[in-house]
**Q** 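My questions all concern the structure below.
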Amino acid sequence: MKKKKCAQSFGIIGLGRFGMALAISLTQAGKEVVVIDINESKVREIRQYTDYAFVVPDLNMETLQESGIQNCDVVVVCIGEKIDICILTTMRVVEMGVPRVIAKAISPEVGAVLEKLGAEVVYPERDMALLLGKKLVSNNFLDYISLDNSVEIRQIKVPDSLVGHLVQELDIRKEYGLNIIAIENERNTNIEVSPQYRLEKEDVIVVIGKVNNIDRFEENM
């Protein structure tokens, strides 16, 4: 496959549940996707979504290059369970000069090795567990983006107790060290939040700050 300059192209190595779902999601978004796996039935299944699906008996440098995966802008290595193959494959893809390599890891130890090789690391099961945990302990929590281990951007639905209050009355920066970066509702997203804005039912506050401060703010709400 020839690399296109205008549109990103993606490579997926490994068609487990994570890799299959990711490949389908990208193709349905209109992206060009190269997929490789050793399992012929899985490759047949994904061919209804992409023409660039290949069965490879061995993930060595030669077979990787034959698939054309080195021409992708982003390659995601989705081989979490077979640690040795995951590490070797990630190393080869990095060596091939792919601009962005992302690898699935099943533990922090494996993740540390993959990062040293030059890959970005994702922990799908851990991340989903964190998301579910946050939703279970908070009635107002909607979604979040983790910036590092201590800082998040989080969406919080305005509870009934705060409806009608002015933003300045929350005193969120002084009391909690948080900043409101947007207020969302069904009509629009306001990123220039006035201290005089009066909170409405169904509003969603988007805040940025340390995780423990956001947790404290939610508890006090």
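The first residue of the sequence shown is numbered 1, and numbering continues consecutively from there.
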**Q** Could you tell me whether the side chain of Gln65 reaches within less than 4.5 Å of the side chain of Thr63, counting heavy atoms only?
**A**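 With C-beta onward as the side chain, the pair stays apart.
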
**Q** Can you tell me how far CD1 of Ile183 sits from CG of Asn188, rounded to the nearest 0.5 angstrom?
**A** 10.5 Å

**Q** Are Leu166 and Val204 grouped together when hydrophobic residues (ILVMFWY) are joined by side-chain heavy atoms under 4.5 angstrom apart?
**A** no

**Q** Just verifying a value: how many Å separate Lys31 NZ and Leu26 CG, rounded to the nearest 0.5 Å?
**A** 8.5 Å

**Q** Taking it one step at a time, do Asp84 and Ile87 satisfy side chain to side chain contact (heavy atoms under 4.5 Å, CB included)?
**A** CA-CA 5 Å; Asp84 55 339; Ile87 292 173; over 6 Å; no

**Q** Going by heavy atoms in the side chains, are Val167 and Gln196 under 4.5 Å from each other?
**A** no

**Q** What pair of heavy atoms forms the shortest contact from Val34 to Ser67, and how long is it?
**A** CG1-O, 3.9 Å

**Q** What do the steps show when you test Arg198 against His165 for side chain to side chain contact (heavy atoms under 4.5 Å, CB included), and what is the final call?
**A** CA-CA 5 Å; Arg198 196 174 296 277; His165 285 255; over 6 Å; no

**Q** For Phe18, enumerate each residue passing the ring-ring contact (aromatic ring centres under 6.0 Å, His included) test, keeping only those at least two apart in sequence or located in another chain.
**A** none

**Q** If we count only N and O atoms by modelled type, under 3.5 Å, do the side chains of Tyr197 and Asn190 hold a donor and an acceptor together?
**A** no

**Q** State, with a plain yes or no, whether a side-chain heavy atom of Asn220 is found less than 4.5 Å away from one of Glu175.
**A** no

**Q** Would you call Val55 and Asp37 a side-chain contact if the rule is heavy atoms closer than 4.5 Å?
**A**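 No, their side chains stay 4.5 Å or more apart.
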
**Q** Is the number of heavy atoms from other residues, nucleotides or ligands within 6.0 Å of CD (Gln28) greater than 12?
**A**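 Correct, the count exceeds 12.
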
**Q** How about Ile181: does its CD1 atom have over 12 heavy atoms from other parts shown lying under 6.0 Å from it?
**A**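 Yes - once you tally the heavy atoms of other residues, nucleotides and ligands closer than 6.0 Å, there are more than 12.
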
**Q** So, using side-chain contact (heavy atoms from CB on, under 4.5 Å) as the criterion, who are the partners of Asn212 when residues are at least two apart?
**A** Lys210

**Q** Out of Ile172, Val151, Ile153, Leu178, which one pairs with Ile214 under the side-chain contact (heavy atoms from CB on, under 4.5 Å) rule?
**A** Leu178

**Q** What pair of heavy atoms forms the shortest contact from Pro99 to Cys72, and how long is it?
**A**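 Scanning both residues completely, I find the closest heavy atoms to be CD-O, 3.5 Å.
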
**Q** Work out which heavy atom in Ala182 is nearest to a heavy atom in Ile191; give both atom names and the distance.
**A** CB-CG2, 4.2 Å

**Q** How long is the straight-line distance from CE of Met96 back to CG of Leu64, given to the nearest 0.5 Å?
**A** 5.5 Å

**Q** Are side-chain heavy atoms of Met20 and Glu45 found at a separation under 4.5 Å?
**A**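 Side chain of Met20 against side chain of Glu45, heavy atoms only: contact under 4.5 Å found.
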
**Q** Where the side chain of Asp73 meets the backbone of Ser9, is there a donor-acceptor pair that is under 3.5 Å apart?
**A**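 Judged by distance alone, yes, a pair lies under 3.5 Å.
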
**Q** Once rounded to the nearest 0.5 Å, what's the spacing between atom CD of Glu32 and atom CG of Asn71?
**A**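 CG of Asn71 is found 10.5 Å from CD of Glu32.
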
**Q** So, do Glu202 and Asn185 sit near enough that their side-chain heavy atoms are less than 4.5 Å apart?
**A** no

**Q** Over all heavy atoms of both residues, which pair between Val98 and Ile69 is shortest? Give the atoms and the distance, please.
**A** CG2-O, 4.1 Å

**Q** Under 4.5 Å between any side-chain heavy atoms of Cys86 and Leu88, yes or no?
**A** no

**Q** Write down the atom of Leu162, the atom of Val158, and the distance for their closest heavy-atom approach.
**A** CB-CG1, 3.9 Å

**Q** Apply side chain to side chain contact (heavy atoms under 4.5 Å, CB included) to residues Val33 and Ile12 and explain how you reach the verdict.
**A** CA-CA 7 Å; Val33 182; Ile12 306 295; 3.8 Å; yes

**Q** Thr90 side chain to Leu114 main-chain N or O, any donor-acceptor pair under 3.5 Å?
**A** no

**Q** Ignoring hydrogens, what is the shortest heavy-atom contact between Leu170 and Ile205? Give both atom names and the distance.
**A** CD1-CD1, 4.3 Å

**Q** Less than 4.5 Å apart, any side-chain heavy atom of Ile36 and any of Leu59?
**A** yes

**Q** Atom CD1 of Ile79 and atom CD1 of Ile106: how far apart are they, to the nearest 0.5 Å?
**A** 12.0 Å

**Q** For the pair Tyr176 and Asp171, evaluate side-chain hydrogen bond (donor to acceptor under 3.5 Å, both in side chains) and give the outcome as yes or no after the intermediate values.
**A** CA-CA 8 Å; Tyr176 303 97; Asp171 212 8; over 6 Å; no

**Q** Main chain of Arg47, side chain of Thr50: is a donor-acceptor contact present, judged purely on distance under 3.5 Å?
**A**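 Between the backbone of Arg47 and the side chain of Thr50 there is no qualifying donor-acceptor contact (under 3.5 Å).
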
**Q** Report the C-alpha distance between Asp215 and Arg154 in whole Å, list the side-chain angles of each, state the deciding distance to 0.1 Å, and finish with yes or no for side chain to side chain contact (heavy atoms under 4.5 Å, CB included).
**A** CA-CA 10 Å; Asp215 290 341; Arg154 192 183 301 182; 3.0 Å; yes

